[in-house]
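Accompanying notes for the structure given below.
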Amino acid sequence: GFGLRGMARGQREQVVTAMLELVGLSGSGGKFPHQLSGGQQQRIALARALAPQPRLLLLDEPFSSLDVELRERLAHDVRDILKRTGTTALMVTHDQMEAFAVADVVGVMRQGRLEQWDSPYALYHRPATRFAADFIGHGVLLQGTLMQTSAPASGRDGSEGEIEVQTAAGLLRGMPLHDQPQPANAQVDVLLRADDVMHDDASPFKARVVRKSFRGAEFLYTLALENGQQLLSLVPSHHDHAVGEWIGIRLDVTHLVTFPSMESSLAAAAEAGTASAGAGTR
């Protein structure tokens, strides 16, 4: 009943009962806080915040003190409760999976600036900036060379035409997700997610296992190509390869997210700085 000021006692009790039922704790109204588990205390905090029917609910790291399993379950429960009550919420979190589980829209912040404001799906598959691409999910930016762009496919109105990027792991061909201002043979970095790199014993492209992380149903492998560049790959856990072993891989990418290579970006910035300095000198 905290925050329900100006209500008659009976009305306030009705709201309390409804809130406890909403968060699944209808039988806990007579308990003291120290008699509740951490997850129950978080549910009570949510009920207390929702009771006055706020237009906007602010959540600051709401699940940080909970264990992993409880955190994931409660995140889904909170989303369901917010949907049922029609409450808009703004949540701050450093846990990407938590943000993806709860939010309809996610904002990626960097040094106080908004890098991208988008759906979780778009953030993962269509990052707008190099920072967002590198920050979200498991992936790497693999060096490559932008080849000639093919002509637009017939019958697809407004299509851009495919691009090709030659990499140490083979030729990538697909539709671009960003404008491609770079000329042919420009050096680019192409985003490869761990789920883009498939384990395939029949593939002529090999990579060496340099690190492995067991995740139950799958391994997250860190792989090194012959030229030393590294990739990440999610592989079903019954494919248990030893560190140091060479395995076949193939890339399964349909949309290409590319950025000017870090070296070319630095060179362009240095050139722009030199031009600016020259323009100001007489």
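The figures that follow rest on heavy atoms only: side chains count, while hydrogens, waters and symmetry mates do not. Along the sequence shown, residues are numbered consecutively beginning with 1.
- At least one donor-acceptor pair closer than 3.5 Å links the side chain of Gln41 to the backbone N or O of Pro33.
- With hydrogens and angles disregarded, no donor-acceptor distance shorter than 3.5 Å links the side chain of Glu13 to the backbone of Gly10.
- Figure legend: Lys212 and Phe219 shown as a cation-pi pair, the cationic atom lying under 6.0 angstrom from the six-membered ring centre and within 45 degrees of its axis.
- In terms of hydrophobic clustering, with Ile, Leu, Val, Met, Phe, Trp and Tyr side chains grouped at heavy-atom distances under 4.5 Å, Leu74 and Met19 are assigned to a common cluster.
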**Study point:** Verdict with supporting geometry, Tyr124 and Asp118, side-chain hydrogen bond (donor to acceptor under 3.5 Å, both in side chains)
**Key:** CA-CA 10 Å; Tyr124 186 84; Asp118 224 324; over 6 Å; no
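- Between His138 and Arg193, every side-chain heavy-atom pair lies at or beyond the 4.5 Å cut-off.
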Quiz: residues 104-115 side-chain donor-acceptor pairs under 3.5 angstrom, not counting sequence neighbours:
unit_1 : atom_1 : unit_2 : atom_2 : d
Asp104 : OD1    : Arg79  : NH1    : 3.1
Asp104 : OD1    : Arg79  : NH2    : 3.0
Asp104 : OD1    : Lys83  : NZ     : 3.4
Asp104 : OD2    : Lys83  : NZ     : 2.9
Glu115 : OE1    : Thr129 : OG1    : 2.7

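- Of all heavy-atom pairs spanning Arg173 and Leu256, the tightest one is C-CD1, 4.2 Å.
- Under the 4.5 Å side-chain heavy-atom criterion for ILVMFWY residues, no single connected hydrophobic cluster contains both Leu172 and Met198.
- At a threshold of 4.5 Å between side-chain heavy atoms, the hydrophobic network of Ile, Leu, Val, Met, Phe, Trp and Tyr places Val68 and Val102 in two separate groups.
- Relative ring orientation between Phe135 and Phe131 is described as parallel, the plane-to-plane angle staying below 30° on a 0-90° scale split at 30° and 60°.
- The backbone N or O of Glu61 lies less than 3.5 Å from a partner atom in the side chain of Ser64, making a donor-acceptor pair.
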Exercise for review: Give the C-alpha distance, both sets of side-chain angles, the deciding distance and a yes or no for side-chain hydrogen bond (donor to acceptor under 3.5 Å, both in side chains) between Thr145 and Gln187.
Suggested key: CA-CA 5 Å; Thr145 302; Gln187 297 304 301; 3.2 Å; yes
Review point. When you look at Asp77 and Arg43, which way does the side-chain contact (heavy atoms from CB on, under 4.5 Å) test go after all the steps?
Key: CA-CA 9 Å; Asp77 289 344; Arg43 289 172 181 269; 2.5 Å; yes
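- In terms of heavy atoms, Pro120 sits closest to Ala103 at CG-O, 3.7 Å.
- Side chains of Leu232 and Thr222 form a contact here, defined as non-hydrogen atoms less than 4.5 Å apart.
- When all heavy atoms are compared, the tightest approach of Pro54 to Leu50 is CD-O, 3.6 Å.
- Going from atom CG of Leu223 over to atom CD1 of Ile247 covers 5.0 Å, rounded to the nearest 0.5 Å.
- Formation of a donor-acceptor pair under 3.5 Å by the Glu164 side chain with backbone atoms of Met147 is not found in this model.
- In this structure, CG in Asp200 is found 10.5 Å from CG in Asp252, a value given to the nearest 0.5 Å.
- A distance-only check finds no donor-acceptor pair linking the side chain of Ser261 to the backbone of Val188 [under 3.5 Å].
- Considering only heavy atoms from C-beta on, Leu22 comes within 4.5 Å of Arg84 through its side chain.
- Under the 4.5 Å side-chain criterion, counting only non-hydrogen atoms from C-beta, Val78 is in contact with Phe63.
- Under a 3.5 Å cut-off, the side chain of Gln35 and the backbone N or O of Phe32 do form a donor-acceptor pair.
- We find the CD-CG distance between Gln40 and Leu70 to be 9.5 Å, quoted to the nearest 0.5 Å.
- The main-chain N or O of Ala128 is found under 3.5 Å from a side-chain atom of Gln116 such that the two form a donor-acceptor pair.
- Residues Phe100 and Ile136 meet the side-chain proximity criterion, which asks for heavy atoms closer than 4.5 Å.
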Exercise for review: Could you please spell out the steps behind the side-chain contact (heavy atoms from CB on, under 4.5 Å) verdict for Leu141 and Arg130?
Suggested key: CA-CA 9 Å; Leu141 289 165; Arg130 174 187 287 270; 3.6 Å; yes
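- Thr85 OG1 to Leu46 CG: the interatomic distance, rounded to the nearest 0.5 Å, is 8.0 Å.
- Judged purely by atom type and a 3.5 angstrom limit, Tyr221 has no side-chain atom pairing as donor or acceptor with the backbone of Val210.
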Point to revise | side-chain contact (heavy atoms from CB on, under 4.5 Å) evaluation trace for Glu98 with Met91 | key: CA-CA 10 Å; Glu98 187 174 282; Met91 183 177 76; 4.2 Å; yes
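- The two residues Val165 and Gly144 come nearest to each other via the heavy atoms CG1-CA, 4.0 Å.
- Between atom CG of residue Leu191 and atom CZ of residue Arg126 there is a gap of 13.0 Å, rounded to the nearest 0.5 Å.
- Annotation for Leu82 and Ala89: closest pair CD1-CB, 3.7 Å, computed over non-hydrogen atoms.
- The shortest distance between side-chain heavy atoms of Thr88 and Arg55 does not fall below 4.5 Å.
- Between the Glu226 side chain and the Ala207 main chain, no donor and acceptor come within less than 3.5 Å of each other.
- A distance of 12.5 Å separates CG in Leu220 from OG in Ser237, rounded to the nearest 0.5 Å.
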Point to revise | Residues Leu251, Asp196; criterion side-chain contact (heavy atoms from CB on, under 4.5 Å); working and verdict | key: CA-CA 6 Å; Leu251 305 183; Asp196 294 329; 5.8 Å; no
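- By the 4.5 Å heavy-atom criterion applied to side chains, Leu142 and Asp189 are not counted as neighbours.
- The side-chain heavy atoms of Leu90 and Leu57, taken from C-beta on, include no pair separated by under 4.5 Å.
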